[in-house]
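Since the structure comes first, as structure tokens, the remarks are kept for the end.
Lettering of chains follows the sequences in order, A, B, ..., and the numbering in each one begins at 1.
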Number of protein chains: 2
Amino acid sequence: MQTPTLRDVADAAGVHPATASRALNPATRGLVNAETARRVMKVAEGLGYRPNPIARGLKTSKSGTVGLVIPDLTNPLFPPIVRGIEDVLEPAGYSGLIVNTDNDPQRESAQIELLRSRQVEGLIVATALIDHPLLARLRREGVPMVMVNRRPDGVDLPSITPDDAAGIELAVAHLVALGHTRIGHLAGPLTTSTGVARRRAFRNAVRDRDLDGDPALVVTCEHWTEESGADALRELLDRRPDVTAVVAGNDLIALGCYDVFAERGIACPDRISVVGFNDMPFLDKLAPPLTTISVPHQQIGAEAARMLLDAIAEPDRAARSVLLPLSLVLRGSTAPPAMGA
Amino acid sequence: MQTPTLRDVADAAGVHPATASRALNPATRGLVNAETARRVMKVAEGLGYRPNPIARGLKTSKSGTVGLVIPDLTNPLFPPIVRGIEDVLEPAGYSGLIVNTDNDPQRESAQIELLRSRQVEGLIVATALIDHPLLARLRREGVPMVMVNRRPDGVDLPSITPDDAAGIELAVAHLVALGHTRIGHLAGPLTTSTGVARRRAFRNAVRDRDLDGDPALVVTCEHWTEESGADALRELLDRRPDVTAVVAGNDLIALGCYDVFAERGIACPDRISVVGFNDMPFLDKLAPPLTTISVPHQQIGAEAARMLLDAIAEPDRAARSVLLPLSLVLRGSTAPPAMGA
DNA sequence: TTGAAAGCGCTAACAC
DNA sequence: GTGTTAGCGCTTTCAA
């Protein structure tokens with residue numbers, strides 16, 4: 001036996017399919033005799049009827065799906081975000097279609113095309129490319145969209161991001177409280193809004209506190225990876241061997257620092273302190289456990305999904321942007337500077 | 001302007017929609033005059049026509065989607081599997097719909113219902129619940145399905161799993177080569193096929209090598225978590241303080257051991273060696289870096305997707321099960337037993 | 001309150 | 001080789 005259709009239910013209940021449709025849909029149930037409605041619902045239940053959202057979608061041009069555009073699910077940053085998104089989407093009757101772009105603009109366009117052809121009702125975009133004509137086009141075409149982890153540059157789009165500036169403030173304040181004055185920053189790639197924002201915040205924090213503002217103390221990484229982080233730290237150490245603390249652009253970059261520490265026999269935190277950013281899983285198991293800025297990823301995802309659902313419901317509502325507060329997670333990779341350092 | 005439909009293309013090309021359909025579909029393009037086909041395609045291109053898979057699906061009753069049932073995307077085990085799946089699905093024109101079950105049977109049923117109502121053409125199931133009437137029902141209803149990371153118990157279903165027995169063999173052989181004879185095992189929950197398989201493999205390995213076969217050396221964890229792993233190790237140490245090496249059911253359990261080492265001041269690997277299982281990311285940054293069994297997760301996902309696509313194409317093909325070979329990743333958490341231990 | 005009829009966008013017989 | 005017709009399963013006018 002095939003899975004029953006609305007017709008089957010209608011026939012079995014002795015009503016017209018249209019009536020069955022009305023009875024089964026909570027929104028239109030009021031239009032139908034309560035008694036009839038009850039009967040139809042019972043029959044549907046008995047037959048194991050499940051509405052076919054494809055057919056419904058064809059009629060209503062609503063697919064009940066939204067697209068999630070992320071760089072790479074394998075990056076530990078994203079699973080909690082996706083989870084947060086799904087947790088909100090599901091009760092709302094929506095499903096998420098995930099695509100990975102690997103931060104390749106071509107792939108990104110292609111994937112977004114794919115999602116659009118699949119009739120997604122909106123997009124949650126978490127890729128980090130800072131500039132994108134595609135964005136403007138989607139915007140113009142009226143595709144509901146929200147950005148995650150990045151501020152839309154120039155385009156008026158809702159976004160939900162961690163408060164990068166506040167996070168960096170937290171990190172610098174902590175190091176200063178420990179007594180550091182020569183603090184370096186390993187910035188993320190400046191092609192990403194996050195990299196830019198954190199670097200700016202770092203510079204401001206240093207300036208506000210009259211710390212050593214030598215530009216040599218800020219090194220920019222090519223990628224958000226351990227390798228880039230390691231390269232950057234090597235460069236920093238070559239330029240300013242007297243640096244006593246480092247604010248890493250994110251945890252991966254901080255992890256790269258650990259490699260350099262091992263390679264050069266540098267004691268952390270005795271000789272150099274490090275602060276990460278994001279609080280990926282298992283950082284507490286490192287030696288030393290990494291002090292870092294904790295970002296509520298799952299909450300970010302949930303909030304993004306809520307905003308997208310809002311945008312779908314009310315396309316004309318003004319774009320609202322949310323900055324989520326962060327916190328410092330104190331662990332073992334930070335300590336007062338070595339005496340005489 | 002709305003997104004153009006097949007009709008628009010047909011009108012613009014001066015042909016009937018059916019002809020346009022044939023011209024646009026590579027499979028039926030042969031039925032149409034090459035010249036006409038070219039013209040239609042050009043017009044479609046020019047108009048930015050994208051076929052609507054919902055409408056197509058309604059007609060062909062193919063949704064182009066498959067369901068991915070996983071416990072929790074947030075568990076580092078799954079992202080690479082999902083990525084592997086997506087990488088195979090996408091070029092085949094399929095998309096994956098992910099649901100998280102949190103290993104809650106109720107939620108699992110509900111989520112599978114959801115997927116079915118979304119007309120998925122098949123299911124990739126990676127949840128670990130060992131016994132499930134649902135499975136048999138789906139099987140009966142002819143839903144193409146493949147299991148990942150678990151062997152279907154009793155049901156004749158394709159599955160793709162790491163070769164758990166071989167992995168445990170590798171771990172035990174390594175420890176024995178180092179000189180260990182009193183080796184403990186912290187087994188995963190016996191409600192999971194993986195937990196059972198690894199425990200059995202451990203016992204076999206111990207028996208085959210005439211090692212200490214004291215049942216007290218095997219402790220079962222309640223969950224695949226750090227906490228459970230820590231609890232289990234404490235129990236093991238209480239029962240057999242002379243144990244010199246531990247094979248953990250997976251990396252998370254091994255991580256729990258690290259906590260106990262810290263808590264009790266036990267030197268690893270000097271006093272106790274540990275081997276993990278899975279090779280999650282960043283294990284090389286631990287102190288000591290964790291020796292573990294590497295599982296090709298992404299490959300598992302890719303293989304699973306390929307098998308599902310096959311099953312969808314040829315529903316009657318016999319279920320094939322694949323065991324993927326594993327390898328030992330030697331790092332710092334294993335060493336010869338302390339002298340006199 | 002319910003039924004009839006049309007149609008969402010596409011494809012598959014079947015005819016020409 | 002191409003057009004005609006019908007219909008996938010559902011919702012939504014419109015009329016009764």
- Across the strands shown, which category fits A:P53 at heavy-atom distances under 4.0 angstrom: base, sugar-phosphate, nothing? nothing
- Task: Name all residues meeting the salt bridge (charged side-chain N to carboxylate O under 4.0 Å, His left out) criterion together with B:R38; count only those two or more places apart in sequence or in a different chain, and write none if there are none.
- Result: B:E35
- Item | B:E303: partners by salt bridge (charged side-chain N to carboxylate O under 4.0 Å, His left out), with sequence neighbours left out | B:R306
- For A:T161, enumerate each residue passing the side chain to side chain donor-acceptor pair (under 3.5 Å) test, keeping only those at least two apart in sequence or located in another chain. none
- Item | 5' to 3' contact window, DNA chain D with chain B (heavy-atom distance under 4.0 Å) | D:dG1 to D:dG9
- Item | Student check: side-chain heavy atoms of A:V99 and A:I112 closer than 4.5 Å | no
Side-chain donor-acceptor pairs of residues 134-147 of chain B under 3.5 Å, sequence neighbours excluded:
| unit_1 | atom_1 | unit_2 | atom_2 | d |
| --- | --- | --- | --- | --- |
| B:R137 | NE | B:E141 | OE2 | 3.2 |
| B:R139 | NE | B:D156 | O | 3.2 |
| B:R139 | NH2 | B:D156 | O | 3.1 |
| B:R139 | NH2 | B:D156 | OD2 | 3.4 |
| B:E141 | OE1 | B:R116 | NH1 | 2.3 |
| B:E141 | OE1 | B:R116 | NH2 | 3.4 |

- Query: Does any non-hydrogen side-chain atom of A:L24 lie less than 4.5 Å from one of A:Y49?
  - Reply: yes
- Item | Partners passing salt bridge (charged side-chain N to carboxylate O under 4.0 Å, His left out) against A:D87 (at least two apart in sequence or in another chain) | A:R83
- Helical bend (five base pairs per end, nearest 10°) for the helix from C:dT1-D:dA16 to C:dC16-D:dG1: 40°
- Message: So B:T5, base contact, sugar-phosphate only, or nothing? Heavy-atom distance under 4.0 Å.
- Response: sugar-phosphate
- Output every pair passing salt bridge (charged side-chain N to carboxylate O under 4.0 Å, His left out) with a member in residues 43-59 of chain A, not counting sequence neighbours, ordered by first then second residue. A:R50-B:E113
- Going by atom types alone, do B:S63 and B:T65 pair a side-chain donor with an acceptor below 3.5 Å? yes
- Please list, in 5' to 3' order, the outermost nucleotides of DNA chain C lying under 4.0 Å from any heavy atom of chain A. C:dT1 to C:dG9
- Query: When rounded to the nearest 0.5 angstrom, what distance separates CD1 in A:I85 from CD1 in A:I81?
  - Reply: 7.0 Å
- Message: Using the side chain to side chain donor-acceptor pair (under 3.5 Å) criterion, which residues pair with B:Y94? Sequence neighbours excluded.
- Response: B:E121
- Just one of A:L68, A:T127, A:V69, A:D72 clears the side chain to side chain contact (heavy atoms under 4.5 Å, CB included) bar with A:N100, so which one? A:D72
- How would you list, by chain and number, every residue that makes a side chain to side chain donor-acceptor pair (under 3.5 Å) with A:Q119, sequence neighbours excluded? none
- Message: Which residues in residues 22-39 of chain A have a heavy atom closer than 4.0 Å to any atom of DNA chain C?
- Response: A:R22, A:L31, A:V32, A:N33, A:T36
